[in-house]
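Each remark here refers to the structure printed beneath this line.
Counting begins at 1 with the first residue of the sequence. Each ligand, and each atom within it, is numbered from 1 in the order the structure gives.
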Amino acid sequence: SQGVHSFSMQILSGIPEIRTALRDLRGDCNVGLVPTMGALHAGHYSLVQAARQRCGVVVASIFVNPTQFAPNEDFSRYPRTLEEDCRILEAEGVDMVFTPTADMMYPPNASTFVEVAGVSERLDGASRPGHFRGVATVVAKLFHIVQPEFAFFGQKDAAQVAVLRQMVRDLNLPVELVVCPIVREPDGLAMSSRNRYLSADERRQALVLFRALEVGRTLAEQGEHRAANLLQAMTGTLQQEPAIRMDYAAVVDPDTLLPLEDVRSGALLAVAAYVGSTRLIDNILLPPSS
Ligand code: AMP
């Protein structure tokens, strides 16, 4: 039945309203924030579960943030499934969902942005100029509105994690970032709200991203420590699927996102590719080896 479900979880759009509700709810509890753009899947649930474990109060936000999309990107057709998302969040034990509108977050006269220079121009930031300025700005705003002790993010967006860690350090934000592992489909495809754009053929083609990462990881486990050789193997694997268009393959320092020559001190293997018109990303962290 549509629209008759009533929630016991609080769902609030207004910024003053959520501030007031949190003032009443937080008491001595730690507040955990899980920022999302909605169209929730098991990757998001894992963040909520991590928050539930660590925090007495769990707040999820659902906001498709216009400032992190370029004009040619998928902002207007990004999947929006608010009712279903709220049912899931309530079942996962979320206390409060924050669902602001774009006008509330960005009144017409808003002119302040957070720019994390350097790291924001690498990997996805190189392919999507301005993307991380939008991400850093909206996350800083969410932190100021919710004032969480902990905030939960997915390793799926590895460059986002690097940008946000740098922002928290640089601005002394009183929040601890908790980064949760990538949740995958049984066949290895990293879960993503954008997977719903894929046709059956594209869904198959998309597996090459994880395959390329696994080729890199296997080589490293066999003792190959030269980043250039891992990169060549990853790129070669991506090229075996001619239907996709590689955006980047990279072997980088996970904090700075700068290219590495040697992976023995740990490395981020990261790939991005267009499958049809859908841009997908994936990555694997290589731990330091002896
Ligand atoms: P999004 O709604 O795509 O902005 O993602 C919200 C949060 O969920 C971000 O911190 C993402 O990194 C995280 N996330 C998205 N997909 C996954 C996944 N497959 N595994 C773990 N976390 C994820």
Atoms in ligand 1 with a heavy atom of [X] nearer than 4.0 Å:
{"X": "P181", "answer": "20 (N), 21 (C)"}
{"X": "T36", "answer": "2 (O), 6 (C)"}
{"X": "I182", "answer": "20 (N), 21 (C)"}
{"X": "F153", "answer": "10 (O)"}

Crowding at CD, Q232 (>12 non-hydrogen neighbours, <6.0 Å):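 Open: at most 12 neighbouring heavy atoms sit under 6.0 Å from CD of Q232.
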
Does [X] have a heavy atom less than 4.0 Å from any atom of ligand 1?
{"X": "A39", "answer": "no"}
{"X": "H41", "answer": "yes"}
{"X": "Q160", "answer": "yes"}
{"X": "A42", "answer": "no"}

Using a strict cut-off of less than 4.0 Å between a Lys/Arg side-chain nitrogen and an Asp/Glu carboxylate oxygen, indicate whether D74 and R194 qualify as a salt bridge.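 Answer for the salt bridge query: yes.
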
Under the side-chain hydrogen bond (donor to acceptor under 3.5 Å, both in side chains) criterion, do Y248 and S127 qualify, and how do the steps go? CA-CA 9 Å; Y248 65 71; S127 321; over 6 Å; no

Check whether NZ of the Lys or CZ of the Arg R77 lies under 6.0 Å from the centre of the six-membered ring of Y197 and within 45 degrees of that ring's axis.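 Pair R77/Y197 counts as cation-pi.
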
Assess K141 against F63: is NZ or CZ under 6.0 Å from the centre of the six-membered ring, and within 45 degrees of the ring's axis?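 Negative - K141 is either too far from the ring of F63 or too far off its axis.
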
Students should be able to answer this: which protein heavy-atom is nearest to [atom], and at what distance?
{"atom": "atom 23 (C) of ligand 1", "result": "K156 CB, 3.9 Å"}
{"atom": "atom 6 (C) of ligand 1", "result": "P35 O, 3.4 Å"}
{"atom": "atom 20 (N) of ligand 1", "result": "V183 N, 2.9 Å"}
{"atom": "atom 8 (O) of ligand 1", "result": "L47 CD1, 3.3 Å"}

Indicate if V135 and L280 have the same hydrophobic cluster label, given that clusters are the connected sets of ILVMFWY residues with side-chain heavy-atom separations under 4.5 angstrom.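 No, separate clusters.
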
For ligand 1 and [X], I'd like to know whether there is a polar contact (N/O to N/O, distance under 3.5 Å).
{"X": "D157", "value": "yes"}
{"X": "H44", "value": "yes"}
{"X": "G154", "value": "yes"}
{"X": "M191", "value": "yes"}
{"X": "M37", "value": "yes"}

Compute whether any side-chain donor of one residue and acceptor of the other, for N65 and Y78, lie under 3.5 angstrom apart.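 The answer is no; no qualifying pair exists.
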
Check whether [X] reaches the backbone of [Y] with its side chain - one donor and one acceptor, N or O, closer than 3.5 Å.
{"X": "S199", "Y": "E202", "answer": "yes"}
{"X": "R26", "Y": "Q147", "answer": "yes"}
{"X": "D282", "Y": "L209", "answer": "no"}

Working note: T101 + D103, criterion side-chain hydrogen bond (donor to acceptor under 3.5 Å, both in side chains); need CA distance, chi angles, decisive distance, verdict. CA-CA 5 Å; T101 65; D103 289 345; 5.3 Å; no

